[in-house]
Amino acid sequence: VKTLNFIGVYDDPTTPQKDGMIAMAERLGISSLTAPDYGLALTLGGGEVSLLEMASAFSVFANEGKKVPPVAILKVTDFEGNVIDEYQPPAGEQVIRAEHAFLISSILSDNAARSWMFGPNSVLNLPFPAAAKTGTSGTARGDAAELIYDNWTLGYTPDLVTGVWIGNADYTPMTNTTGSSGAAPIWSQFMQYAAPIVSGGNLRGFVPPAGIQQKTICALSGTEPSQWCRGGQRSEFFASDQPPLPASKDLFRRIKIDTWSGLEASAACGEEFAEETMAIRVDDPWGRKWLTTAQGRAWLESNDIPANEIVFAPDRECTANDPHPILEFSNLKDGDVIRVAEVEVRGTADATGGFRGWALDYGHSDDPGTWYPVVESRQPVRNGVLATLDLSMVQNGVVYLRLRVIGPNDASAEKIIRLTLQLPNPPTEIPPTEIPPTQTPTATATEIFIPPTETPTATPTEIPPTGTPSPTPTETPTLPPP
């Protein structure tokens with residue numbers, strides 16, 4: 001159903017070539033799908049097709065993509081055996097690529113792939129290579145009165161195509177039968193009898209055409225294996241010009257996400273504001289929804305993929321045209337040594353799109369992981385004064401300044417610089433003392449550290465989006481001690 005929804009039922013008149021499911025069916029020789037109101041149920045039996053048309057369509061796969069119209073009379077002779085007329089098969093029209101025909105045959109003849117449904121020793125598993133497909137029509141599975149009206153099995157070798165339909169002529173329901181238990185046994189017995197005769201005893205398999213190559217893929221994702229491949233690896237056939245997706249598109253992998261745009265980071269937009277994470281590449285919205293259910297999480301865990309915090313990989317990489325933050329300290333750089341108590345911080349805090357505000361924080365190496373707010377604003381700054389800091393109460397050592405820009409949907413970007421604070425310790429004032437007349441001592445100034453008064457620590461808060469400009473701070477903030 002999802003595949004039919006993707007390609008469409010009818011032709012899109014705006015495209016140069018006929019497309020859609022019905023157009024493909026017509027290329028294969030099916031002409032009975034003429035109703036104007038088919039929907040997605042068409043893939044579940046919502047349209048009627050004759051057994052002859054369906055067998056003719058399957059012959060295209062058996063004939064390496066060439067369509068040869070079906071005929072009923074091959075030869076006409078008189079009573080003496082003289083040939084009056086004899087059918088001469090045409091070369092055939094190449095309606096699909098030989099590579100695609102082979103890939104369909106490879107799928108339909110893969111007994112291991114269908115074993116989970118039919119078992120490894122079903123009637124579809126012939127003693128020689130053969131492709132097969134079953135079909136059943138009836139009421140929905142699970143109904144209290146599940147009814148089966150008819151079923152069929154179609155299959156082929158490179159030399160013989162056979163279709164079998166069973167059902168009641170008056171269209172009354174059958175009992176205890178499906179495509180694998182009704183039509184399939186008849187198809188299996190006939191193929192085992194007729195195929196050796198038609199092929200002259202040369203029961204050959206499906207030979208890959210020149211445009212087919214084998215590639216090793218990750219069994220779980222179908223992409224080329226990455227270092228995070230789950231489920232092992234296996235070899236599969238591909239058209240040479242349609243290889244598997246690269247390892248960078250594996251289902252579960254480590255990626256860098258641009259924190260501002262939420263897209264995958266790239267060289268085009270820079271990786272300065274990116275963070276690494278393990279992400280799952282699932283683009284389909286229904287697939288994403290299912291993975292968040294209990295059943296989906298169980299599937300993730302069964303394939304050794306963490307299910308507690310699911311991160312879905314973005315659908316594309318960011319480009320130079322995507323919005324991006326602009327963060328810069330213009331008069332300070334990482335590693336600078338600060339020797340004065342009052343420091344002017346200049347820089348830029350803005351974005352090319354989605355700007356909501358900015359904030360400047362400071363931290364001290366004595367209290368790693370804790371940030372103290374200095375200033376916040378909703379107005380962008382371009383190469384201007386961000387704040388003037390009073391560091392007189394801060395203990396010497398390593399300090400950090402963090403400049404953040406806040407955007408929509410929790411988007412953010414930050415730049416952190418490391419500074420070394422080396423302020424001179426103020427001398428301790430010594431009160432005057434009376435000097436005895438009999439001695440002439442020399443006074444010595446002693447420098448001591450006077451601990452500053454504790455200042456309450458404020459907790460940084462997220463800047464809510466608003467259209468009201470906030471005034472530029474005028475006071476010089478005094479940074480609290482760590």
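The first residue of the sequence shown is numbered 1, and numbering continues consecutively from there.
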Next item on the list: Give the minimum heavy-atom separation between Pro244 and Glu224, together with the two atoms involved.
Entry: CG-CG, 3.9 Å

Next item on the list: Any chance you could lay out the side-chain contact (heavy atoms from CB on, under 4.5 Å) test for Val381 and Leu386, step after step, and finish with the verdict?
Entry: CA-CA 7 Å; Val381 177; Leu386 300 171; 3.9 Å; yes

Checklist line | Any Ile257 side-chain heavy atom under 4.5 Å of Thr277 side chain | finding: yes

Next item on the list: Mind telling me whether Trp371 and Tyr400 have parallel, tilted or perpendicular rings, with 30° and 60° as the class edges?
Entry: perpendicular

Next item on the list: Answer yes when Arg404 and Glu414 have at least one side-chain N-carboxylate O distance shorter than 4.0 Å, and no when they do not.
Entry: no

Check: Which of these, Asn308, Ile305, Ile310, sits in a side chain to side chain contact (heavy atoms under 4.5 Å, CB included) with Arg297?
Finding: Ile310

Item checked: Within 6.0 Å of CD in Glu64, more than 12 heavy atoms from elsewhere -> no

Next item on the list: Could you tell me whether the side chain of Leu419 reaches within less than 4.5 Å of the side chain of Leu401, counting heavy atoms only?
Entry: yes

Margin query: Can you confirm whether the side chains of Asp12 and Thr15 place a donor and an acceptor under 3.5 Å from each other?
Written below: no

Margin query: Could you walk me through whether His364 and Gln395 satisfy the side-chain contact (heavy atoms from CB on, under 4.5 Å) test, starting with their C-alpha distance in whole Å, then the side-chain angles of each, then the deciding distance to 0.1 Å, before giving a yes or no?
Written below: CA-CA 9 Å; His364 199 284; Gln395 183 179 349; 4.3 Å; yes

Check: How about Phe237 and Phe102: are their ring centres within less than 6.0 Å of each other?
Finding: yes

Margin query: Surrounding CD of Gln214 (heavy atoms of other residues, nucleotides or ligands, distance under 6.0 Å), is the total greater than 12?
Written below: yes

Checklist line | side-chain hydrogen bond (donor to acceptor under 3.5 Å, both in side chains) evaluation trace for Asp390 with Ser392 | finding: CA-CA 6 Å; Asp390 181 359; Ser392 60; 2.8 Å; yes

Notebook entry, point to check: Which pair of non-hydrogen atoms, one from Asn383 and one from Arg346, has the smallest distance, and what is that distance?
Noted result: O-NH2, 3.3 Å

Check: Could you walk me through whether Val398 and Arg418 pass the side-chain contact (heavy atoms from CB on, under 4.5 Å) check?
Finding: CA-CA 7 Å; Val398 175; Arg418 178 182 184 273; 3.2 Å; yes

Next item on the list: Return the minimal non-hydrogen interatomic distance between Ala387 and Val374, and the atom names on each side.
Entry: CB-CG1, 4.2 Å

Next item on the list: Return the minimal non-hydrogen interatomic distance between Ala341 and Leu423, and the atom names on each side.
Entry: N-CD2, 3.6 Å

Note to self: In the structure I gave you, are the side-chain heavy atoms of Asp315 and Leu263 within less than 4.5 Å of one another anywhere?
What the structure shows: yes

Margin query: Can you confirm whether Leu389 sits close enough to Tyr362 that some side-chain heavy atom of one is under 4.5 Å from a side-chain heavy atom of the other?
Written below: no

Margin query: Show, in sequence, the C-alpha distance, side-chain angles and deciding distance for Ile96 and Met24, and conclude whether the side-chain contact (heavy atoms from CB on, under 4.5 Å) test is met.
Written below: CA-CA 9 Å; Ile96 63 173; Met24 172 57 74; 4.1 Å; yes

Next item on the list: Could you please spell out the steps behind the side-chain hydrogen bond (donor to acceptor under 3.5 Å, both in side chains) verdict for Ser261 and Asp322?
Entry: CA-CA 7 Å; Ser261 65; Asp322 289 310; 5.6 Å; no

Margin query: Do Thr348 and Asp350 pair up side chain to side chain, a donor and an acceptor below 3.5 Å, judged on atom types alone?
Written below: no

Next item on the list: State, yes or no, whether a side-chain contact exists between Leu251 and Cys218 at a heavy-atom distance under 4.5 Å.
Entry: no

Item checked: Pair Thr136, Asn151: side-chain N/O donor-acceptor within cut-off below 3.5 Å -> no

Next item on the list: Answer yes if the side chains of His100 and Gln242 hold a donor-acceptor pair under 3.5 Å, and no otherwise.
Entry: yes

Item checked: Main-chain N/O of Phe252 paired with Arg230 side-chain donor or acceptor, under 3.5 Å -> no

